[in-house]
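See structure below.
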Amino acid sequence: MFGEHCLFLNGQMFAIIDKDHQIFIKTSQISGIDTPFTYQRQGKSVAMNYVKIDDGLIDDSDELMAVIAAKLKF
């Protein structure tokens, strides 16, 4: 999908890992400080309700899980 890897839970997509190994988590709202996942469609950039997880969180599993739990929308 979108040329990226997607993660699913209970049949619903909740995360995207792009070709640069950046992780984007599904969210209900994107704030001005969030970096949304975008892809190209018919020559236009399309933003989705998935936001980039800060690379520094990858080494802190407790903080990463807290951020993911706060961002997830099912």
Looking only at heavy atoms, the pair that brings Asn49 and Ser28 closest together is ND2-O, 4.3 Å
CD (Gln12) and NZ (Lys26) are apart, to the nearest 0.5 Å, by 5.5 Å
The ring pair (Phe, Tyr, Trp, His ring centres under 6.0 Å) partner of Phe24 among Phe37, Tyr39, Tyr50 is Phe37
Separation between CD1 (Ile25) and NZ (Lys52), nearest 0.5 Å, reads 11.5 Å
Smallest heavy-atom separation, Leu64 atom then Ile53 atom, equals CD1-CG2, 3.6 Å
Within-4.5 Å side-chain heavy-atom neighbours: Ile58 and Ile23: yes
Of all heavy-atom pairs linking Met48 and Pro36, the shortest is O-CB, 3.9 Å
- So, Asp20 side chain and Gln22 main chain: donor-acceptor pair closer than 3.5 Å or not? no
On a heavy-atom basis, the closest approach of Glu4 and Ile17 is CB-O, 3.5 Å
Here the gap from Asp62 atom CG to Leu57 atom CG, rounded to the nearest 0.5 Å, amounts to 11.5 Å
